[in-house]
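Report on the structure given below.
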Amino acid sequence: MDAHFEYVLRLADDQLVLGHRISEWCGHAPMLEEDLALPNIALDLIGQARMLYTHAGEIEGNGRNEDQLAYLRPEQEYRNLLIVERENGDFAHTMLRLFFYASFMELFWEKMLTSSDEVLAGIAAKAIKEVRYHVRHSAEWVIRMGDGTDESARRLEDAYDDLEAYCTEMFEMDDVARDMVAAGIGPDTQALVESWKAKVEAIFREAMLNRFAPVEGHRSGGRKGQHGEEMGFLLADLQYMQRTYPGLNW
Amino acid sequence: MYSQGLIGADTSTEESEEFLRAFQERIDAEQKIEPNDVMPAGYRKTLIRQIGQHAHSEIVGMLPEGNWITRAPTLKRKAALLAKVQDEGGHGLYLYSAAETLGVSREQMTEELHAGKAKYSSIFNYPTLTWADIGTIGWLVDGAAIMNQIPLCRCSFGPYARAMIRVCKEESFHQRQGYEIVMTLAKGSPEQKAMAQESLDRWWWPVLMMFGPHDSDSQHGDQSMRWKIKRFSNDELRQKFVDATIPQAEYLGLTVPDPDLKWNPEKNDGRGGYDFGAIDWDEFWRVVKGKGIMNRERIRDRRKAWDDGEWVREAALAHAQKRAERMAAEQQAAE
């Protein structure tokens with residue numbers, strides 16, 4: 001597979017799958033304000049995914065559009081990070097995951113602003129504004145939960161324990177990512193680790209959460225299509241209509 | 001989306017004749033009543049009930065449509081549906097705020113909803129079983145809501161009227177979006193067309209019930225009309241809706257499930273209109289009283305979201321408190 005196509009597809013899958021997960025909250029959030037904020041974040045991510053899939057389809061040049069890429073691949077061909085496919089869990093899990101991921105993506109999109117792929121640079125210019133809001137929103141919640149009640153602090157710690165294994169994958173480099181660095185298309189994500197740690201730990205201090213930013217996680221494989229058990233169920237929902245009624249316009 | 005309005009509203013009031021006459025004169029002069037104005041207790045109570053029911057309908061209404069967000073057939077449809085359901089939540093928020101100006105809190109209203117004491121539109125007690133239902137809800141349920149809500153933009157109570165102006169703009173966008181979904185199906189494959197027809201068959205009669213009981217059976221309509229909370233009767237609005245909708249169904253090549261439907265040139269003062277069949281009011285009252293298909297599930301889901309979220313709301317309050325205390329302590333130390 002072409003590295004450039006693969007790279008954009010990975011990015012598209014990340015945004016789609018996290019957008020899908022966050023959209024599951026719609027109508028079920030802890031307060032009405034979050035019933036508005038969470039769909040908003042999901043919409044941003046799905047909007048980013050649409051632009052990325054369209055771009056990936058153009059790079060591939062086989063005429064696949066956003067929906068063919070988003071809906072019509074087998075599980076092993078989805079290349080998202082494992083952290084985004086994890087089940088939502090409680091509000092602490094959802095917000096801490098968003099905080100870890102968005103803090104990484106803020107750094108990522110900043111580097112992407114100068115990508116030699118002008119379409120990606122353009123997407124980054126839009127996405128950076130959105131992701132800054134995601135970071136702010138999720139960080140505020142991490143602080144409120146960590147420095148809230150005993151129960152909220154305990155739930156935040158539980159969320160940390162469940163998610164810490166998944167953060168390292170965000171920074172992994174492989175041949176595809178290295179090709180992109182060489183072509184000036186994408187950043188060296190290893191170089192983002194220190195800034196990410198500093199950002200995360202600053203918020204942890206405000207949240208009175210006595211933990212380090214987790215950078216030694218052992219879970220990985222999403223970029224090779226090796227997903228967790230929950231992914232099949234996510235795809236069963238996502239692909240339901242396209243698989244049941246193939247080839248129709250909706 | 002909107003509820004059938006005034007079921008069970010108590011419009012009784014005990015103020016002096018003179019006070020009521022002066023209030024009525026303001027209403028008749030089309031003056032807007034604002035939150036700090038004096039108003040009959042019955043007027044206040046009726047509005048709290050109606051705006052509360054309306055707000056609850058928006059919030060409960062997020063559930064049947066939310067049911068299809070993760071299964072929407074394309075990314076474009078998924079984004080549009082998410083945005084629509086989010087709009088409904090936004091409508092709920094303005095409406096709770098409008099009701100709060102009358103001296104009731106959002107929390108109180110929420111508790112009444114969860115306790116089964118407050119009503120919401122019965123239409124949301126029907127399930128969304130196919131993707132076509134997302135189109136049908138936009139086209140018909142939002143269409144009926146608009147019929148109900150356009151006159152509410154001129155409601156005598158200022159905050160409600162102003163909220164409705166914004167809500168109506170968004171609803172009319174939803175209605176067009178819904179119609180476009182149904183049109184895509186109606187022009188699609190035979191199975192898509194069948195999906196659209198089957199959905200229309202299920203929703204048609206419940207949608208007609210959204211306008212509420214016949215005028216002859218509606219107890220509180222007259223007082224609400226005098227106070228200009230309502231501008232048209234239930235039957236008038238229902239007729240307008242049928243007359244507007246039948247040509248749309250014909251354009252789509254879909255058939256409304258009513259063998260008694262026929263054009264009557266005498267109707268509407270000789271301008272013509274549709275005669276339609278008898279509504280099953282037993283079904284309507286069954287659903288209002290809690291025996292609809294989804295009544296239990298809708299309230300259970302709302303309650304679950306609220307209960308599961310309790311620790312989150314408590315954390316936010318506790319944190320705000322700690323922060324305020326810390327700031328006060330820092331200030332004291334500085335002085």
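The sequence lines fix the lettering, A, B, ..., with proteins before strands; numbering per chain opens at 1. The figures that follow rest on heavy atoms only: side chains count, while hydrogens, waters and symmetry mates do not.
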Look at [X] together with [Y] and state whether they make a salt bridge at an N to O cut-off of under 4.0 Å.
X	Y	value
Asp44(A)	Lys126(A)	no
Lys84(B)	Asp142(B)	yes
Arg154(A)	Asp150(A)	no
Glu164(A)	Arg211(A)	no

What part of [X] gets within 4.5 angstrom of chain B, counting heavy atoms only: side chain, backbone, both, or neither?
X	answer
Arg21(A)	neither
Ala29(A)	backbone
Glu206(A)	side chain
Leu36(A)	both
Tyr71(A)	side chain
Ala92(A)	both
Ile143(A)	both

Most chain B-contacting option - heavy-atom pairs closer than 4.5 Å, from [options]:
options	answer
Glu33(A), Met95(A), Glu140(A), Met145(A)	Glu33(A)
Asn40(A), Asp35(A), Leu32(A), Thr149(A)	Leu32(A)
Gln239(A), Glu24(A), Glu66(A), Glu34(A)	Glu66(A)
Trp141(A), Trp250(A), Tyr240(A), Tyr53(A)	Trp250(A)
Arg50(A), His28(A), Glu151(A)	Arg50(A)
Leu16(A), Asp90(A), Leu248(A)	Leu248(A)

Original post:
Centroid-to-centroid, Tyr245(A) to Trp131(B), below 6.0 Å?
Top reply: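 Between Trp131(B) and Tyr245(A), which both carry aromatic rings, the centre distance is not below 6.0 Å.
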
Among the options [options], pick out the one with the most heavy-atom pairs lying under 4.5 Å from chain A.
options	value
Lys304(B), Lys78(B), Glu314(B)	Lys78(B)
Gly188(B), Ala305(B), Ala316(B), Ala320(B)	Ala305(B)
Gly135(B), Gly309(B), Gly92(B), Pro73(B)	Pro73(B)
Arg106(B), Met62(B), Glu180(B), Arg77(B)	Arg106(B)
Arg323(B), Gln321(B), Arg326(B)	Arg326(B)

Is it true that [Y] and [X] share a donor-acceptor pair across their side chains at a distance under 3.5 Å?
X	Y	answer
Trp306(B)	Thr110(B)	no
Tyr94(B)	Arg166(B)	yes
His114(B)	Glu111(B)	no
His227(A)	Glu85(A)	yes
His20(A)	Asp237(A)	no
His93(A)	Glu87(A)	no
Asp201(B)	Gln197(B)	yes

Subject >> Audit row: His174(B), Glu171(B), side-chain hydrogen bond (donor to acceptor under 3.5 Å, both in side chains) steps and yes/no >> reply: CA-CA 5 Å; His174(B) 298 166; Glu171(B) 293 293 7; 3.2 Å; yes

Proximal component of [X], with respect to chain A [non-hydrogen, under 4.5 Å]:
X	value
Leu75(B)	both
Arg71(B)	both
Gln192(B)	side chain
Leu317(B)	neither
Met183(B)	neither
Glu191(B)	side chain
Leu63(B)	side chain

**OP:** Among Leu11(A), Leu18(A), Leu98(A), find the one that has a side-chain contact (heavy atoms from CB on, under 4.5 Å) with Met105(A).
**Re:**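 So the option named by the test is Leu11(A).
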
Original post:
Taking atom CZ of Arg223(A) and atom CG of Leu82(A), what is their separation to the nearest 0.5 Å?
Top reply: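 Separation between the atoms: 9.0 Å.
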
